[in-house]
Protein chains: 2
Amino acid sequence: MSFSITDPSPRLTVDIVIFCLRKGELQTLLVKRGIEPFRDCWALPGGFVLYNESPDAAAQRELAEEAGIMHVYLEQLYTFGAPERDPRGHVVTVAYYALIPSADIYLQAGSDAIDAAWHNVQAPPPLAFDHAHILQYAVQRLRYKLEYTAAGFHLLPDEFTLSELQTAYEIVLNEKLDKRNFRRKLAESGVLVSTDRYRGGSEGRPALLYRYREDADPEVKARRLFP
Amino acid sequence: MSFSITDPSPRLTVDIVIFCLRKGELQTLLVKRGIEPFRDCWALPGGFVLYNESPDAAAQRELAEEAGIMHVYLEQLYTFGAPERDPRGHVVTVAYYALIPSADIYLQAGSDAIDAAWHNVQAPPPLAFDHAHILQYAVQRLRYKLEYTAAGFHLLPDEFTLSELQTAYEIVLNEKLDKRNFRRKLAESGVLVSTDRYRGGSEGRPALLYRYREDADPEVKARRLFP
DNA sequence: ACAAAAGTGTTGAGAGTACACCCATGC
DNA sequence: GCATGGGTGTACTCTCAACACTTTTGT
């Protein structure tokens with residue numbers, strides 16, 4: 001898959017930073033490239049945008065193809081297009097980030113990836129192209145997103161406890177939060193609804209399970225919702 | 001300038017929402033298209049991204065070519081790429097917005113524009129493609145930007161009075177601000193520095209001129225800096 | 001002296017922050 | 001009964017928002 005240096009227009013790809021909470025860390029799915037350039041180097045999952053396919057659709061397709069992931073939170077991040085970012089020629093990429101609940105993980109080695117694995121976003125391996133920069137940018141955006149809105153649910157299963165949600169925020173923001181203040185803010189925002197079920201099984205008192213209110217305003221425009 | 005429907009990859013353009021304060025309104029520069037489709041329809045200035053040209057560079061080039069504007073505040077907005085947005089075929093566009101001081105205006109009819117004019121962003125004429133949507137999105141982003149950061153200077157000349165700056169914010173945010181609160185916030189943010197010059201000429205007491213501190217942190221990340 | 005715009009502090013309300021104990025369950 | 005995590009309320013601080021008068025200039 002190469003193309004001429006005399007192409008009249010840059011080619012277009014999507015790259016996706018897939019965030020997931022695993023082992024108490026914020027991790028991202030990386031694929032090991034099976035082709036040049038950067039063979040055997042880790043990279044963000046992604047691929048070319050097909051003709052008559054929107055970048056959003058391309059991102060969703062790559063999510064499904066490379067990781068078997070469907071129906072997750074997906075948001076456009078930024079478009080990176082420096083001519084020298086791909087040694088094969090000028091390739092502009094629309095970067096996305098996705099939030100997936102810890103349960104939805106099905107690793108699949110796709111066509112041009114020989115391996116796929118989760119990596120801590122704090123200490124990723126060397127990455128192909130400008131993907132290290134994209135990853136760093138995505139982490140920053142995710143933090144902003146959680147500071148200003150109530151979108152952390154998407155990193156958890158449908159039903160979750162408030163402690164699990166708080167832990168999710170603490171991992172992403174990399175800072176300890178106050179339990180009572182966290183719960184008050186959350187209650188005031190009105191984006192959660194409690195179920196009548198409890199999570200037992202572990203030690204201690206069982207915790208009430210909550211779920212996201214589908215009819216809630218997704219953009220809770222409070223000032224810094226969770227510091 | 002047409003291309004085959006069998007092109008393997010979407011084509012790439014940039015479109016720019018150029019904001020300027022004129023006649024007490026927030027206005028944007030629109031060009032009247034001289035070619036099909038949407039001949040004689042107003043559109044955002046923009047054009048194709050050349051091979052080995054970054055979208056940022058393409059946006060700067062279009063700013064220079066279509067409006068003679070250089071060295072202004074320019075920020076990427078979002079990438080729009082629905083296959084049906086251009087009847088000629090699949091064209092993905094990276095949208096930008098620019099803030100220009102009222103002085104820097106040199107209208108130039110470019111190659112495929114037969115006319116160019118400023119229009120109030122609140123009541124634009126019918127626009128080609130999805131440009132009405134892009135414009136609306138840009139206005140929203142500009143408002144967020146001014147609410148959370150101190151970037152309103154870029155709509156004013158190098159030296160300006162605090163009243164002029166407040167008026168700029170009031171026009172963009174479409175809401176009246178309190179003079180003392182506005183000035184206090186501004187002083188606390190530390191992004192301005194006073195000159196020793198005054199603006200006289202008009203009626204009333206002359207106003208001290210300020211300028212933007214080049215060494216200031218451009219992203220004043222306060223909570224809602226200017227409500 | 002008066003019209004017109006510039007400039008300047010204080011107070012009350014609300015949000016943010018810090019903080020400690022009782023509760024329900026499993027072993 | 002004890003260890004473990006779940007769940008709850010209050011006091012203080014600080015930021016935000018509302019508000020009116022004096023100053024400087026031109027006519």
Side-chain angles (χ1 to χ4, degrees), chain A residues 21 24 144 146-150 152 156-157 159-171 173 175-211 220-227, chain B residues 24 144 146-150 152 156-157 159-171 173-211 220-227:
Chain A
L21 295 174
Y144 282 5
L146 293 211
E147 280 174 359
Y148 288 101
T149 75
L156 296 174
E159 299 195 340
F160 49 85
T161 70
L162 295 183
S163 294
E164 287 167 353
L165 184 58
Q166 181 176 341
T167 301
Y169 271 84
E170 289 176 341
I171 291 171
L173 299 179
E175 125 188 47
K176 192 104 180 79
L177 302 178
D178 180 88
K179 181 159 59 162
R180 281 171 290 190
N181 293 339
F182 182 79
R183 288 170 184 234
R184 176 159 17 85
K185 285 273 189 67
L186 217 41
E188 285 168 357
S189 76
V191 293
L192 294 190
V193 60
S194 59
T195 67
D196 53 358
R197 303 182 53 239
Y198 288 83
R199 165 149 312 159
S202 61
E203 292 196 7
R205 172 175 172 179
L208 191 53
L209 287 168
Y210 286 78
R211 46 169 55 246
V220 181
K221 272 281 299 321
R223 358 276 187 91
R224 211 164 193 263
L225 197 50
F226 301 108
Chain B
Y144 282 5
L146 293 210
E147 279 174 0
Y148 288 101
T149 74
L156 295 175
E159 299 195 341
F160 48 86
T161 70
L162 296 183
S163 294
E164 286 166 354
L165 183 58
Q166 180 174 345
T167 301
Y169 271 83
E170 290 176 340
I171 292 170
L173 299 179
N174 201 23
E175 124 189 49
K176 191 106 182 80
L177 303 177
D178 180 89
K179 180 160 60 163
R180 281 172 289 189
N181 293 340
F182 182 80
R183 287 169 186 235
R184 175 161 17 85
K185 284 274 188 65
L186 217 41
E188 285 167 359
S189 76
V191 292
L192 294 191
V193 60
S194 59
T195 66
D196 54 358
R197 303 184 51 239
Y198 288 83
R199 166 148 314 156
S202 60
E203 291 200 4
R205 172 175 170 178
L208 192 52
L209 287 167
Y210 286 77
R211 47 172 52 247
V220 181
K221 270 281 300 322
R223 359 275 187 89
R224 209 161 194 263
L225 196 50
F226 301 106

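Just so it is clear: chains get the letters A, B, ... in the order the sequence lines come, proteins before strands, and each one is counted from 1.
- Separating the NZ atom of A:K176 from the P atom of C:dA18 is a distance of 13 Å, rounded to the nearest angstrom.
- Straight-line distance from the CD atom of B:E188 to the C1' atom of D:dA17: 13 Å, rounded to whole Å.
- Taking a 4.0 Å limit (strictly below) on heavy-atom distances, residues 203-211 of chain A reaches DNA chain D at A:E203, A:G204, A:R205, A:P206, A:A207, A:L208.
- Among the protein residues, B:S163 comes within range of the sugar-phosphate backbone only, with heavy atoms under 4.0 Å from sugar or phosphate atoms but none that close to a base.
- Annotation: side chain of B:S163 is in contact with side chain of B:R183 (closest heavy-atom distance under 4.5 Å).
- Here D:dC12 presents its C1' atom at 13 Å from CG of A:N181, a figure rounded to the nearest Å.
- Taking atom OH of A:Y198 as the reference point, atom P of D:dG5 lies 19 Å away to the nearest angstrom.
- For A:K185, the side-chain atoms get nearest to C:dT17 when compared with the rest of C:dT17, C:dA6, D:dC19.
- Less than 6.0 angstrom separates the ring centroid of A:Y169 from the ring centroid of A:F182.
- For the pair B:E164 and A:S202, both in contact range of DNA chain C, the more 5′-proximal nearest nucleotide belongs to B:E164.
- Atom CZ in B:F160 sits roughly 14 Å away from atom P in C:dA6 (whole-Å rounding).
- Atom OG1 of A:T167 is separated from atom CG of A:L162 by 10.5 Å, given to the nearest 0.5 angstrom.
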Practice task
Please test B:R184 against B:S189 for side chain to side chain contact (heavy atoms under 4.5 Å, CB included), starting from the C-alpha separation and ending with a verdict.
Solution key: CA-CA 9 Å; B:R184 175 161 17 85; B:S189 76; over 6 Å; no
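- Each of B:L192, B:T195, B:V193 was scored for a side chain to side chain contact (heavy atoms under 4.5 Å, CB included) with B:Y210, with one residue passing: B:L192.
- In this entry the distance linking CZ of B:R199 with C1' of D:dT24 reads 17 Å, nearest Å.
- A salt bridge does not link A:E159 to A:R199: none of the charged nitrogens lies less than 4.0 Å from a carboxylate oxygen.
- The CD atom of B:E147 sits 15 Å away from the C1' atom of D:dC16 (whole-angstrom rounding).
- The distance from atom CZ of A:R211 to atom CG of A:L156, rounded to the nearest 0.5 Å, is 12.5 Å.
- For A:R180, whose side chain is taken as the heavy atoms from C-beta onward, the closest listed nucleotide among D:dT8, C:dT8, D:dA18 is D:dT8.
- The nucleotide whose nearest atom lies closest to any side-chain atom of B:R184 is, among C:dT8, D:dG6, D:dA18, D:dA18.
- For A:D178 and C:dA15, the CG to P distance is 18 Å, given to the nearest whole Å.
- Taking every side-chain heavy atom of B:K179 into account, C:dG7 is the closest of C:dG7, C:dA18, D:dC19.
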